[in-house]
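As structure tokens, the structure follows; a few thoughts come after it.
Worth knowing before you read on, the calculation uses all heavy atoms, side chains too, and leaves out hydrogens, waters and symmetry mates.
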Amino acid sequence: MNEGPLIPHLFRTEYRKIVAVLCKRFGFEQIATAEDIASDTFLTAAQTWGLKGIPPNPAAWLYNVAKNKAKNHLQRNQVFASRVAPVLKDQAIATDEIDLSPQNINDSQLQMMFAVCHPAIPVEAQIGLSLRILCGFGIDEIANAFLTSKETINKRLFRAREKLREAKVHIGLPAPAEMEERLSAVLATIYLLFNEGYYSISQNRTLRSELCFEAMRLCTMLVENESTNQPSVNALLALMCFHASRFDARVNEQGGPVLYEEQDTSLWNTDLISKGGYFLHRASGGRQLSRYHLEAGIAYWNTQPADAREKWEHILQLYNQLLLVAYSPMAALNRTYALSKVCGKQAAIAAAEKLDLADHHFYHLLLGELYTGIDQPKALQHFQQALLRAKTDADRRAIQQKMNGLDTTPEV
Amino acid sequence: MDEYLLLMRLDILTKEAQPSPEQLEVYMKQYYDWVGGIAAQNKFVGGKGLSTEGKVLKFNNVMTDGPYAEIKESLAGFIIIKARDFDEAVSFARECPILKGEGNTVEVRKVVTEHHNC
């Protein structure tokens, strides 16, 4: 039997569970120990399974080994005896009991999510730690996703753990009074994790889709827990489902991006679209209208292929409201594009030229698009400006295509 | 960049002057297109719509039903925007869709003191 792909797969699914349970048991200050024991467990597995073959229930085997290693650690460790034991909250539990039941695994992971997405550390560190501790990514995979070196990631994660230790972050769900604020930090990290996969310039397509699906998995865990099943959580999950539905349609066979208008809509994943609809419906309970509600609404209309005026009116109104709660240059530009679909290009040009975004290549791409058919030399000028500012080859190719499509007759 | 308060006043009490639900929907769209345009320029600071009922307190412990009973135009809502100067603030205010209605007003005031919770 070939155990090659099995161990990386189990690492992805089981490492995070073992770390979460051990870390909850030991306290966050012992996170490095929890990670060491989990890694060590996989090392033992690789050695033993290579010699004796794969056990009938590999996950249970891993849990057993992790439990024994944890017990040994607890019994041996002086630090434990002198510092951790006195502060262990639940003294009723025997000191060497490690609970790897599905319920405790789930609870621990959920609580870990709040510990990792803590405002004490910068967001990129939150994403890095999430990938490592909540998603079981290898250091090389994280480095690959961020297009940086393993050393940088190791340093970043080390500093983040130190910071969380110093801040005395404990593993548990926030109190009801704090829930909204802490949950919004968790959602922000999950959304960034998703975007990292969706918009990343990394060429590794499998890795990118895994980032997206991990973000959706974490959000699903929040939806499945009663105290975190809030409208904004459902809205974010809906938003990610709608976006992910175009995952196959937005990349061509050569790995290049396919613009929204040019996508083959038969490649849109209808299961994910209806799943998105389901969660958007669940998000509408209550009075809360978060940015995720508005973005999910926009994403919903983007899954509707018809270029009807009604569609763009809804999108325009949703962008208007989104800008009131969360301004971003991309939202401002997209709003102006929607305006052109509803009120015509002239109105949109007037609105676009009031935006102070001339440094963005998308600003010039938009104006180039709006001037096309109205003032070809101006359109060309903007496309050229866009070309100068574009950051990736794929973007440059797309702009070049637009320029080639212009039928410019030189002015006399 | 300073902050300016835009106070929107219109007749929200006279029954005959009130829009039908369909009209109201159109007005709301126009209103959001207007504030959305300001927000797209990253110049929207905040704002609120107000209920039609209210109370007005006066000197000597007098209280009347408001929002403001003596005049037809009541405060219907306000927004705070960022602008370079009065001219720019006025140019935003000029595009406010409530000005399409006769008798309606938009008052532009510059914010000069800020109260902070210390």
Side-chain angles (χ1 to χ4, degrees), chain A residues 287 289-291 293-295 297-298 301 308-360 362-367 370, chain B residues 1-8 19-51 76-100 106 108 111 117:
Chain A
R287 286 169 51 105
L289 187 68
S290 66
R291 59 172 294 191
H293 284 86
L294 297 164
E295 289 185 65
I298 294 165
W301 282 104
R309 189 186 158 93
E310 178 212 37
K311 164 180 169 174
W312 288 104
E313 268 187 1
H314 283 289
I315 292 179
L316 174 61
Q317 289 309 323
L318 289 162
Y319 270 121
N320 283 338
Q321 295 200 42
L322 177 62
L323 283 161
L324 298 183
V325 294
Y327 169 84
S328 73
M330 271 325 280
L333 293 168
N334 285 331
R335 182 239 176 216
T336 314
Y337 183 73
L339 187 71
S340 79
K341 293 283 190 180
V342 177
C343 305
K345 285 188 166 186
Q346 294 288 6
I349 289 171
E353 288 180 340
K354 286 184 193 155
L355 305 179
D356 186 19
L357 295 172
D359 292 342
H360 289 251
F362 285 114
Y363 171 83
H364 294 286
L365 191 58
L366 173 68
L367 271 169
L370 294 177
Chain B
M1 208 63 92
D2 284 311
E3 290 187 359
Y4 292 83
L5 177 66
L6 272 49
L7 295 157
M8 292 165 273
S20 67
E22 294 77 29
Q23 270 174 319
L24 188 66
E25 203 189 313
V26 175
Y27 291 164
M28 288 315 282
K29 262 187 196 169
Q30 292 175 346
Y31 174 77
Y32 278 110
D33 283 345
W34 173 62
V35 278
I38 297 171
Q41 297 177 51
N42 203 11
K43 287 179 173 169
F44 176 85
V45 179
K48 296 278 188 287
L50 303 173
S51 74
F78 63 89
I79 65 166
I80 297 173
I81 60 164
K82 283 184 277 189
R84 281 188 307 274
D85 49 34
F86 245 109
D87 285 348
E88 194 188 17
V90 167
S91 74
F92 283 130
R94 192 167 280 139
E95 288 166 22
C96 177
I98 74 154
L99 293 175
K100 289 178 189 165
V106 177
V108 183
V111 177
N117 295 323

Turns out that what part of A/L324 lies under 4.5 Å from chain B's heavy atoms comes down to both

Contact list (residues 30-46 of chain B to chain A, heavy-atom gap under 4.5 Å, by number) returns B/Y32, B/D33, B/V35, B/G36, B/G37, B/A39, B/A40, B/Q41, B/N42, B/F44

Is it the case that atom CG in B/D85 sees more than 12 heavy atoms from other parts of the structure closer than 6.0 Å?
yes

Would you mind reporting whether B/K29 and A/E313 have side-chain heavy atoms less than 4.5 Å apart?
yes

